[in-house]
Structures are given as C-alpha cells and as structure tokens.
Amino acid sequence: MAHWLVKSEPTDYSIEDLARDRLQLWDGVRNYQARNYLQAMAKGDRVFFYHSNAKPPGLVGLASVAQTQIVDPTQFDPQSKYYDPKATPERPRWYTVELAFERQFPLIPLDSLKAQFSPEELLLVRRGNRLSVMPIEEAIAPRLLALAGC
DNA sequence: GCCAACGTTGGC
DNA sequence: GCCAACGTTGGC
C-alpha cells in the first residue's frame with residue numbers, strides 16, 4: 001500500500017468537507033505530473049490531506065483511495081472551469097480517483113514539517129514545489145502518521 | 001498584495 | 001526545438 005499527499009485550499013474543499021461527504025471525486029487536476037501520480041494510485045492507498053493557502057498551511061487529515069482510473073468528467077463540460085477542449089470521450093486526457101474520508105487530526109503546520117523533514121525526504125517541503133498530488137516515501141509515512149497521532 | 005518558482009503556450 | 005511571454009500556485 002502506497003502513501004500519497006494531496007493539496008487543497010480549504011476555502012475550496014476542506015477536510016471538513018470530506019468528513020461530511022465521506023466520498024469525493026478528486027476532479028479538476030490539470031497538471032500532467034499530478035495526473036500521472038493519480039493514475040498510479042491503487043485502491044486502499046493512504047492519502048495525506050494538506051490545506052494550502054491556509055493560515056497556517058499544513059496536514060490536516062487522512063483519506064484513502066476508494067476508486068481508481070476514473071475519467072475526470074469536468075474535462076468534457078464547457079461550463080466547467082476545468083473544461084479541456086482538446087479532450088474527447090474517445091481520448092480522455094485527465095484521469096483521477098475517488099477519495100474516502102478516513103480521519104481528521106490536529107493540524108501539523110508546514111513549519112513543523114520543514115523542521116523535521118529534509119526536502120529529499122518530503123517533496124512537499126522542496127522549494128518551489130507546486131505539485132498538488134505527490135508521492136510520500138514509504139520510510140516517511142510512519143513518521144508522518146506518528147506526528148498525526150495515528 | 002507581493003513575488004519566486006515553474007508549467008504551458010505559441011511564434012518563429 | 002527554442003524560448004519569451006504569460007498564467008498559476010502558494011508561501012509569506
């Protein structure tokens with residue numbers, strides 16, 4: 001079972017929203033590297049949930065992968081801000097997963113993560129990193145879970 | 001609100 | 001294929 005991290009702006013979609021919804025299609029990702037990670041996810045993988053553009057930003061919860069290899073429907077919707085005119089149902093460009101809520105935990109601020117993990121260990125704290133979906137090293141996952149009190 | 005980082009677009 | 005211009009992300 002692999003571990004991942006997804007970012008979301010809490011004003012857009014927060015861990016509280018996921019706790020309420022229980023399941024959420026992770027649509028709207030429009031970055032090829034992030035998409036490739038989404039496609040590499042397997043059912044049951046654990047996903048750390050990160051609040052970006054928050055005060056302070058940090059990890060706030062845990063989700064799991066409920067469903068994989070889902071064609072992101074927003075790419076075909078001209079009304080959606082994620083509409084991609086170059087995508088067709090025959091040749092979709094964007095795939096995603098459905099996330100399931102696992103648990104919320106007390107915020108682990110980005111500051112703490114920077115203090116405890118090197119940029120080599122944790123992509124998140126790498127300077128200039130803007131990826132919204134990224135893998136978590138297997139050696140790092142237990143340390144993050146311990147910090148989360150899980 | 002600023003701005004560094006970086007991905008994407010499009011002219012050539 | 002190069003690269004300047006532009007748009008977005010996201011911390012501060």
Side-chain angles (χ1 to χ4, degrees), chain A residues 2-21 24-41 45-65 68-137 139-141 143-150:
Chain A
H3 291 78
W4 308 90
L5 182 151
V6 297
K7 295 179 184 172
S8 184
E9 302 197 15
T11 53
D12 194 35
Y13 194 83
S14 69
I15 190 69
E16 289 83 4
D17 293 328
L18 185 61
R20 178 199 63 217
D21 298 340
Q24 177 64 28
L25 183 66
W26 209 247
D27 60 10
V29 174
R30 293 293 178 269
N31 169 285
Y32 287 105
Q33 201 175 349
R35 179 203 64 182
N36 293 344
Y37 287 135
L38 285 168
Q39 283 197 280
M41 289 183 184
D45 283 357
R46 284 210 191 97
V47 181
F48 290 96
F49 201 100
Y50 177 85
H51 278 173
S52 61
N53 263 323
K55 292 175 190 171
L59 291 176
V60 290
L62 201 60
S64 62
V65 177
T68 62
Q69 304 295 331
I70 300 171
V71 173
D72 184 337
T74 61
Q75 66 192 303
F76 309 126
D77 176 8
Q79 306 309 317
S80 169
K81 68 169 174 171
Y82 303 119
Y83 178 60
D84 182 348
K86 290 178 183 159
T88 64
E90 294 72 33
R91 297 196 65 182
R93 270 195 175 184
W94 306 105
Y95 288 82
T96 189
V97 298
E98 185 180 51
L99 293 182
F101 176 76
E102 291 295 331
R103 66 181 80 95
Q104 189 169 2
F105 50 70
L107 175 91
I108 306 171
L110 178 60
D111 276 352
S112 312
L113 296 170
K114 280 180 175 168
Q116 297 181 57
F117 297 94
S118 72
E120 292 72 33
E121 290 175 315
L122 190 61
L123 261 171
L124 181 72
V125 301
R126 207 165 293 182
R127 202 169 97 103
N129 170 60
R130 301 188 319 174
L131 261 189
S132 66
V133 180
M134 66 186 77
I136 296 290
E137 299 277 338
I140 300 307
R143 290 171 59 191
L144 287 174
L145 290 167
L147 279 178
C150 299

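Please read all numbers here as calculations on a predicted model, not as lab measurements. Because only heavy atoms are used, hydrogens play no part in the values below, and waters and symmetry mates are left out as well, while side chains stay in. We name chains A, B, ... by the order of the sequence lines, and we start the count at 1 in each one.
- Ion pair A:Asp17/A:Arg20 flagged as a salt bridge, since at least one NZ, NE, NH1 or NH2 atom sits closer than 4.0 Å to an Asp/Glu carboxylate oxygen.
- Between A:Met134 atom CE and B:dG7 atom P there is a gap of 12 Å when expressed in whole angstrom units.
- Residues passing the side chain to side chain contact (heavy atoms under 4.5 Å, CB included) test with A:Ser8, sequence neighbours excluded: A:Tyr13, A:Trp26, A:Phe49.
- Residues satisfying the side chain to side chain contact (heavy atoms under 4.5 Å, CB included) criterion with A:Leu107, sequence neighbours excluded, are A:Pro56, A:Val60, A:Pro109.
- The aromatic rings of A:Tyr37 and A:Trp4 sit tilted, their planes meeting at an angle between 30° and 60°.
- The side chain to side chain contact (heavy atoms under 4.5 Å, CB included) search around A:Gln116 returns A:Ser112, A:Leu147, not counting sequence neighbours.
- Remark: C1' of C:dT8 and CD of A:Glu9 are 10 Å apart, rounded to the nearest angstrom.
- As rounded to whole Å, 11 Å separates atom P of B:dG7 from atom OH of A:Tyr37.
- The nearest whole Å value for the distance from the CG atom in A:Leu5 to the P atom in C:dG10 is 11 Å.
- Taking a 4.0 Å limit (strictly below) on heavy-atom distances, residues 104-114 of chain A reaches DNA chain C at A:Leu110, A:Lys114.
- Comparing A:Lys86 and A:Arg130 against DNA chain B, the residue whose closest nucleotide sits nearer the 5' end is A:Arg130.
- Between the CG atom of A:Asn31 and the C1' atom of B:dT9 there is a distance of 15 Å, given to the nearest Å.
- Where A:Asn53 and A:Gly128 meet DNA chain B, the nucleotide closest to each residue was compared, and A:Asn53 sits on the side nearer the 5' end.
- The distance from atom CG of A:Leu123 to atom P of C:dG10 is 13 Å, rounded to the nearest whole Å.
- As a whole-Å value, the separation of A:His51 NE2 from C:dT9 C1' is 17 Å.
- Atom CG in A:Asp12 sits roughly 11 Å away from atom P in C:dG10 (whole-Å rounding).
- When the salt bridge (charged side-chain N to carboxylate O under 4.0 Å, His left out) test is applied to A:Arg91, no partner is found at least two apart in sequence or on another chain.
- In this structure, A:Lys7 reaches the C:dG10 phosphate: one of its side-chain N or O atoms is under 4.0 Å from OP1 or OP2.
- Annotation: salt bridge (charged side-chain N to carboxylate O under 4.0 Å, His left out) contacts of A:Asp84 (sequence neighbours excluded): A:Arg93.
- The phosphate of B:dC6 has neither OP1 nor OP2 within less than 4.0 Å of any side-chain N or O from A:Tyr32.
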